[in-house]
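We name chains A, B, ... by the order of the sequence lines, and we start the count at 1 in each one. Please read these numbers as outputs of a predicted model, since none were measured by experiment.
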Number of protein chains: 2
Amino acid sequence: MFSQACKYAIRAVLYLAVHASKGKKLGVKEIAAALDVPKYFLAKILQQLSRNNLISSAKGPSGGFYLSEKNVEASLKDVVECMDGPDVFNACILGLPVCSSENPCPLHIQAFAYREGLHYQLKHQAIGDLAKRIEREEQKI
Amino acid sequence: MFSQACKYAIRAVLYLAVHASKGKKLGVKEIAAALDVPKYFLAKILQQLSRNNLISSAKGPSGGFYLSEKNVEASLKDVVECMDGPDVFNACILGLPVCSSENPCPLHIQAFAYREGLHYQLKHQAIGDLAKRIEREEQKI
DNA sequence: AGATAAAAGGACTTTTTTATCCTTTATACA
DNA sequence: TGTATAAAGGATAAAAAAGTCCTTTTATCT
Ligand code: FES
Ligand code: FES
């Protein structure tokens, strides 16, 4: 479903949402260690997210990554689309050129339900709210 | 979700279910042309499916691929697992080492429901039955 | 101003996936 | 028995994804 880069991106954003803030920025090294993820690869991913204004960063000593108030209001859908492109949630599961309920492939019904369920949650839940649930329910990232 | 090879495999198997039989075998070339899929790559995939007894084949003139009565009773789940390995339907969507409802990741609930829906359909529907539906509803492959 | 720390950016390497080609084996049929 | 046909298998090539390293830029603090 998601590329490796996208998985790391989601986890990193959620980790930032839970553990960082404007006052407490986190460096790549810390995040990579916490998530057990390749450091330099994660650096690239954070760069890309930062360029697209999905996370915030500061250079220099006491610099690092965090989520601004604006960032916290975005959704994971934005993160996913930033990493894997805009078609992740529209593509036919069999790779056929178009996915449509009018002219469905044999797996469309189930695949569409799955995809839309996920899509809906990712789209309509703010990263900040998701982070609160993670803390409340002590979920792993 | 599925690798390219797996997508081609599913489509090829369904195409065989609809268009081939013991009496009317199809060659790689025909299938590749019908599905608009790279010929040599498809050949490899059909080989692998054949080795794992998910499809049947005959060499020589008037040879080709088809589904035996046994093959038709199998499910697409077997095809998928043959191509992408046994963990496709058990892996955490975020790539965490285990997926479990007891200790879920933040996306588990939606991801699990979706995945299981698909898994269930692929597992409990025989390829032959699926093929009948495809013909009845004139679905694209 | 100088030293230091951390992200940003560019270039590169490795691994995996996708795709192609060539040789061998089996089989049908004349 | 010989020829043609098609899958099986092995080896390789090309492309994409994952991962690493080095240099530059920006900021902090003394
Ligand atoms: S048409 Fe294939 S998933 Fe919708
Ligand atoms: S724990 Fe991540 S999908 Fe189940």
Which donor-acceptor pairs under 3.5 Å do the side chains of residues 128-135 of chain A make with protein atoms, sequence neighbours left out?
{"unit_1": "A/Arg133", "atom_1": "NH2", "unit_2": "B/Pro106", "atom_2": "O", "d": "2.7"}

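Atom CG of B/Leu49 is separated from atom C1' of D/dA7 by 14 Å (rounded to the nearest Å). For the pair B/Phe41 CZ and D/dA7 C1', the computed distance is 18 Å after rounding to whole Å. A straight line from NZ of A/Lys25 to C1' of D/dT26 spans 13 Å, rounded to a whole angstrom. A straight line from CG of A/Leu42 to C1' of D/dA18 spans 13 Å, rounded to a whole angstrom. Rounded to an integer number of Å, the gap from CD of A/Gln48 to P of D/dA18 is 12 Å. Rounded to a whole Å, the CD1 atom of A/Ile45 is 9 Å from the C1' atom of D/dA18.
Relative to the side chain of A/Gln4, the nucleotides D/dA18, C/dT20, D/dT20 differ in distance, and D/dA18 lies closest.
Taking A/Tyr66 as the reference, nothing meets the ring-ring contact (aromatic ring centres under 6.0 Å, His included) condition, with sequence neighbours excluded. B/Lys29 is linked by a salt bridge (Lys or Arg N to Asp or Glu O under 4.0 Å) to nothing, counting only residues two or more places apart in sequence or in another chain. Residues passing the side-chain hydrogen bond (donor to acceptor under 3.5 Å, both in side chains) test with A/Ser68 are A/Asn71, sequence neighbours excluded. Under the rule for a salt bridge (Lys or Arg N to Asp or Glu O under 4.0 Å), the partners of A/Lys77 that lie at least two apart in sequence or sit in another chain are A/Glu81. Take A/Ser3 and apply the side-chain hydrogen bond (donor to acceptor under 3.5 Å, both in side chains) test, not counting sequence neighbours, and it matches A/Asp84. Residues satisfying the ring-ring contact (aromatic ring centres under 6.0 Å, His included) criterion with B/Phe65, sequence neighbours excluded, are absent altogether.
Among residue pairs with one or both ends in residues 30-40 of chain B, none qualify as side-chain hydrogen bond (donor to acceptor under 3.5 Å, both in side chains); sequence neighbours excluded. Among residues at least two apart or in separate chains, side-chain hydrogen bond (donor to acceptor under 3.5 Å, both in side chains) pairs with a member in residues 4-27 of chain B are B/Gln4-B/Tyr8.
Contact check of residues 78-94 of chain A against DNA chain C (heavy atom, cut-off under 4.0 Å) returns no residues at all. For the segment residues 5-22 of chain B, no residue has any heavy atom less than 4.0 angstrom from an atom of DNA chain D.
Checking A/Arg115, A/Lys123, A/Gln121 one by one against A/His119, the side chain to side chain contact (heavy atoms under 4.5 Å, CB included) holds for a single residue, A/Lys123.
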Nucleotide-resolved protein contact map, nucleotides 2-10 of chain C, B/S/- at heavy-atom distance under 4.0 Å
--BBBBBBB
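Relative orientation of the A/Tyr120 and A/His124 rings is tilted, given thresholds of 30° and 60° on the angle between their planes.
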